[in-house]
Enquirer: 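Input: one structure, supplied below.
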Amino acid sequence: MQKITLTKPDDWHVHFRDNLYLALTVPHSAAQFGRAIAMPNLVPPVTTVGQAQDYLVRLREHSPAGFTPLMTLYLTDNTTPADIEAAANSDFVHGCKLYPAGATTNSDNGVTDISKLSATLAAMEEHGILLLVHGEVTHSDVDVFDREARFIETTLEPLVKQFPRLKVVLEHITTKDAVDFVQQGPATLAATITPHHLWLNRNDLLVGGIKPHHYCLPIVKRHSHQQALIKAATSGNPTFFLGTDSAPHTRANKENACGCAGIYSAHAAIELYAEVFEHAGALDKLEAFASHHGADFYGLPRNTATITLAKQPWTVPEVYTYGNEVLVPFMAGQNLQWKIINE
């Protein structure tokens, strides 16, 4: 196959950052996607509907026609049912993000104990606001490679049982444990899968020297987990859908003694997915994964516009200008086999 046309995809998990950085990140996403769930872990975080509306205004300043940012709230120990009611009464907040405190970039204000949010989660269940989950425990005694599986066992499984009508997205899954849990779970449970977790395993991070631009959280896992993710993504199962977790950082912040966690993929996201699906012999499943399953789960209409990909090798730039600095994108300087074309 040399060409494929898809219903325009959506990105159900992306970090745009803010202010001068939006000049790069928003147009990159808009070139590929019709809509994108904007993560709220800014500094300070987006914790209220008013803050989400202000952020939306800034995002729209860089959004071309046909692209719609979808907003989220950042859950804290102090998020109230009234905050959830306000979100439900807006027409732009589509979910609330659960960051266990300290789990990833700008998560220090996250939730320290999920039991503190029982009333808030009940309100989300009542109003149909989705819970978007960074699924890792942060206990120092739990190995970093085991934190997703432990979170599922100790936090997510009880939560799903306690709130059976609450729609939950386990974001950027990285393990076979997560694949199995979501596949066996109720219809209210789904998961997003990133391009970098389909492309990478922990050998790609560690063998031959640490690769700072392959460092992300949740961290990439062993090869067998990577294969489980590929199988899930390409299966046609509507439980799984596209969420890039594209997360920009400057090169200086990645290439230092304590590099930031995050991989930037917004420049080539759908091309990256296409290559994985082609290698798996599943290009016919790409449209559902990228364009249908997420919209259906969120209860939003599917896009009507389309994009076309051609088998047209191109080289990813070594860097992009990012504010006043530079950013190294995923697959920098390497060739990709698929490219969006204008028809």
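Positions are given from 1 along the sequence.
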Enquirer: Among Lys254, Glu255, Arg251, which residue satisfies the side-chain hydrogen bond (donor to acceptor under 3.5 Å, both in side chains) criterion with His213?
Expert: Glu255

Enquirer: When you look at Gln337 and Asn335, which way does the side chain to side chain contact (heavy atoms under 4.5 Å, CB included) test go after all the steps?
Expert: CA-CA 7 Å; Gln337 300 305 307; Asn335 289 335; 4.2 Å; yes

Enquirer: Test your reading of the model: is there a side-chain donor-acceptor pair from Asp83 to the backbone of Thr80, 3.5 Å cut-off?
Expert: yes

Enquirer: Could you tell me whether the side chain of Leu309 reaches within less than 4.5 Å of the side chain of Leu6, counting heavy atoms only?
Expert: yes

Enquirer: Check Pro195 against Gly243 and note the closest heavy-atom contact, atom names and distance.
Expert: CD-O, 4.5 Å

Enquirer: Can you measure from NZ (Lys339) to OG1 (Thr308) and round to the nearest 0.5 angstrom?
Expert: 13.5 Å

Enquirer: Mind running side chain to side chain donor-acceptor pair (under 3.5 Å) on His134 and Glu136 for me, showing each step along the way?
Expert: CA-CA 6 Å; His134 182 112; Glu136 292 187 288; 2.7 Å; yes

Enquirer: Applying a strict under-4.5 Å side-chain criterion to I, L, V, M, F, W and Y, I'd like to know whether Leu327 and Leu42 cluster together.
Expert: no

Enquirer: How far apart are the C-alpha atoms of His13 and Asp245, what are their side-chain angles, what is the distance that settles it, and do they pass the side chain to side chain donor-acceptor pair (under 3.5 Å) test?
Expert: CA-CA 5 Å; His13 183 146; Asp245 191 23; 2.9 Å; yes

Enquirer: Working to the nearest 0.5 angstrom, can you tell me the gap between Leu159 CG and Leu166 CG?
Expert: 6.5 Å

Enquirer: So, do Tyr320 and His28 have ring centers that fall under 6.0 Å from each other?
Expert: yes

Enquirer: If I take atom OG from residue Ser29 and atom NE2 from residue His267, how far apart are they, to the nearest 0.5 angstrom?
Expert: 11.5 Å

Enquirer: Should Val160 and Leu156 count as side-chain neighbours, where that means a heavy-atom distance under 4.5 Å?
Expert: yes

Enquirer: So Leu130 and Leu132, do their side chains get closer than 4.5 Å, heavy atoms only?
Expert: yes

Enquirer: Tell me if the centroids of the rings in His172 and His196 come within less than 6.0 Å of each other.
Expert: no

Enquirer: Please tell me if the side chains of Leu242 and Phe33 come closer than 4.5 Å, counting only heavy atoms from C-beta onward.
Expert: yes

Enquirer: Going through the checks in order, is the side chain to side chain donor-acceptor pair (under 3.5 Å) test met by Asn303 and Thr7?
Expert: CA-CA 6 Å; Asn303 294 319; Thr7 302; over 6 Å; no

Enquirer: Any Lys/Arg nitrogen of Arg58 or Asp54 sitting under 4.0 Å from an Asp/Glu carboxylate oxygen of the other?
Expert: no

Enquirer: Applying ring pair (Phe, Tyr, Trp, His ring centres under 6.0 Å) between Phe289 and each of Trp12, Tyr273, Phe297, report the one that passes.
Expert: Tyr273

Enquirer: Ignoring hydrogens and geometry, is there a side-chain-to-backbone donor-acceptor pair from Thr155 to Ile152 under 3.5 Å?
Expert: no

Enquirer: Using the salt bridge (charged side-chain N to carboxylate O under 4.0 Å, His left out) rule, take Asp204 and Lys211 through it: C-alpha gap first, then chi angles, then the decisive distance, then the call.
Expert: CA-CA 7 Å; Asp204 299 300; Lys211 315 297 192 305; over 6 Å; no

Enquirer: For residues Asp77 and Asp113, report the shortest heavy-atom separation together with the two atoms involved.
Expert: OD1-N, 4.0 Å

Enquirer: Can any side-chain N or O of Gln51 pair as donor or acceptor with the backbone N or O of Thr48 at less than 3.5 Å?
Expert: yes

Enquirer: Would Arg202 count as a cation-pi partner of Phe145, with NZ or CZ less than 6.0 Å from the six-membered ring centre and within 45° of the ring normal?
Expert: yes

Enquirer: Can Trp314 be reached from Val276 by stepping across I, L, V, M, F, W or Y side chains whose heavy atoms are under 4.5 Å apart?
Expert: yes

Enquirer: Linking I/L/V/M/F/W/Y whenever any side-chain heavy atoms sit under 4.5 Å apart, do Val328 and Leu272 land together?
Expert: no

Enquirer: Mark yes or no for whether Thr79, through its side chain, and Leu75, through its backbone, hold a donor-acceptor pair below 3.5 Å.
Expert: no

Enquirer: Set out, in order, the CA-CA distance, both residues' side-chain angles and the distance that settles salt bridge (charged side-chain N to carboxylate O under 4.0 Å, His left out) for Asp143 and Arg147, then state yes or no.
Expert: CA-CA 6 Å; Asp143 188 283; Arg147 290 183 175 187; over 6 Å; no

Enquirer: Could you check Asp10, Thr68, Asp11 and say which one makes a side-chain hydrogen bond (donor to acceptor under 3.5 Å, both in side chains) with Arg35?
Expert: Asp10

Enquirer: Between His15 and Asn41, does any side-chain donor sit less than 3.5 Å from a side-chain acceptor?
Expert: yes

Enquirer: Carefully, step by step, assess Gln334 and Val316 under the rule side chain to side chain contact (heavy atoms under 4.5 Å, CB included).
Expert: CA-CA 6 Å; Gln334 300 184 56; Val316 176; 5.7 Å; no

Enquirer: Could you walk me through whether Ile193 and Ile173 satisfy the side chain to side chain contact (heavy atoms under 4.5 Å, CB included) test, starting with their C-alpha distance in whole Å, then the side-chain angles of each, then the deciding distance to 0.1 Å, before giving a yes or no?
Expert: CA-CA 6 Å; Ile193 303 177; Ile173 61 172; 3.8 Å; yes

Enquirer: Minimum heavy-atom separation for Leu59 and Ser63, please, with both atom names.
Expert: O-OG, 2.8 Å

Enquirer: Measure the spacing between CG of Leu229 and CH2 of Trp199 and express it to the nearest 0.5 Å.
Expert: 15.0 Å

Enquirer: Quick one: are Leu70 and Ile37 in side-chain contact, heavy atoms under 4.5 Å?
Expert: yes

Enquirer: Do Trp338 and Gln312 get their side chains close enough for a donor-acceptor pair, meaning under 3.5 Å?
Expert: no

Enquirer: Begin with the C-alpha distance, continue with both residues' side-chain angles, and end with the deciding distance and a verdict on side chain to side chain donor-acceptor pair (under 3.5 Å) for Arg17 and His249.
Expert: CA-CA 9 Å; Arg17 306 305 186 209; His249 294 282; 3.2 Å; yes

Enquirer: Which atoms form the tightest heavy-atom contact between Lys8 and Ala30, and what is the distance?
Expert: NZ-O, 3.8 Å

Enquirer: How far apart are the closest heavy atoms of Ala274 and Leu283, and which atoms are they?
Expert: O-CD2, 3.7 Å

Enquirer: Do the side chains of Pro164 and Thr188 get nearer than 4.5 Å, heavy atoms only?
Expert: no

Enquirer: Compute both the distance and the angle, then confirm whether Lys97 meets the cation-pi test with Tyr99: under 6.0 Å from the six-membered ring centre, within 45 degrees of the axis.
Expert: yes

Enquirer: Run the salt-bridge test on Lys221 and Glu148 with the 4.0 Å N-O cut-off and return the result as yes or no.
Expert: no

Enquirer: Are Phe92 and Phe67 connected into the same hydrophobic cluster when the rule is that any two of I, L, V, M, F, W, Y join if their side-chain heavy atoms are below 4.5 Å apart?
Expert: yes

Enquirer: Give me the one residue out of Lys231, Gln183, Lys285 that meets side chain to side chain contact (heavy atoms under 4.5 Å, CB included) with Asn237.
Expert: Gln183

Enquirer: Report the residues that fulfil ring pair (Phe, Tyr, Trp, His ring centres under 6.0 Å) with His293, sequence neighbours left out, ordered by chain and then residue number.
Expert: none

Enquirer: Can you measure from OG (Ser291) to CZ (Arg302) and round to the nearest 0.5 angstrom?
Expert: 9.0 Å

Enquirer: Taking side chain as C-beta onward, heavy atoms only, is Ile340 less than 4.5 Å from Gln32?
Expert: yes

Enquirer: Distance check, rounded to the nearest 0.5 Å: Thr306 atom OG1 versus Glu287 atom CD?
Expert: 9.0 Å

Enquirer: Should Val133 and Val169 be marked as a side chain to side chain contact (heavy atoms under 4.5 Å, CB included) after you check the CA-CA gap, both sets of side-chain angles, and the distance that decides it?
Expert: CA-CA 6 Å; Val133 179; Val169 182; over 6 Å; no

Enquirer: In this structure, would Tyr322 and Tyr215 fall into the same cluster of hydrophobic residues linked by side-chain contacts under 4.5 Å?
Expert: no

